[in-house]
Amino acid sequence: MIEFIDHLGIAVHSIEDNLPYYEKTLGLTCEAVEEVPSQKVKTAFFKIGQTYLELLEPTAPDSPVAKFLEKNGEGIHHIAFHTKDVPAALKRAADTGARLIHETPVPGAHGKQVAFLHPKSTHGVLTEFCMPAPKSGA
Ligand code: CO
């Protein structure tokens, strides 16, 4: 079950060049800058209630975000839904005809487990499910 919007991903050429807009114009605070090797991006987070804006800067030319920027320029890249059970959300999506980019969750930013649905099967919206990673040893 989807519980809330965890974050909106926004593709940018440079986090540094975007900071004045988010910090000065909007008055938000950048909580953390973190690299996510599994997606070849550097991320910056701004918290708004329980939802984040996640700026995504590619760290390699073959990063999916680099390809997005080439095609579309800077802008909204994906929407991420928080769920307690990503595998269940993936199964429901697959069973109802959505195409999965990830068959099983992969490590995302913020120590979360994430998985994406292909935008060709979601009416153009790249869609992410995410959940907190299980605590090790628990
Ligand atoms: Co995301």
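The first residue of the sequence shown is numbered 1, and numbering continues consecutively from there. One-based numbering, in listed order, for ligands and for the atoms of each. Fair warning: this is a prediction, and the values are worked out from it, not measured in the lab.
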Novice: Compute the angle centred on the Co ion (ligand 1) spanning OE1 of E128 and NE2 of H78, and express it rounded to 10 degrees.
Specialist: 90°
Novice: Using a cut-off of strictly less than 2.8 Å, determine whether H7 has an N/O/S atom near the Co ion (ligand 1).
Specialist: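 Within the cut-off used here (under 2.8 Å), H7 does place an N, O or S atom near the Co ion (ligand 1).
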Novice: May I ask you to decide if the ring planes of F4 and H82 are parallel, tilted or perpendicular, using 30° and 60° as cut-offs?
Specialist: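 Aromatic pair F4/H82 classed parallel.
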Novice: Does the side chain of H7 come under 3.5 Å of the side chain of E128 through a donor N or O and an acceptor N or O?
Specialist: yes
Novice: So, the side chain of K42 versus the backbone of A44: is there a donor-acceptor pair under 3.5 Å, distance only?
Specialist: no
Novice: With the Co ion (ligand 1) as the point of reference, which N/O/S atom of E54 is the closest?
Specialist: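 Nearest to the Co ion (ligand 1) within E54's N, O and S set: OE1.
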Novice: Assess whether a salt bridge exists between K84 and E3, defined as any Lys/Arg side-chain N lying under 4.0 Å from an Asp/Glu carboxylate O.
Specialist: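 The answer is yes: the pair qualifies as a salt bridge.
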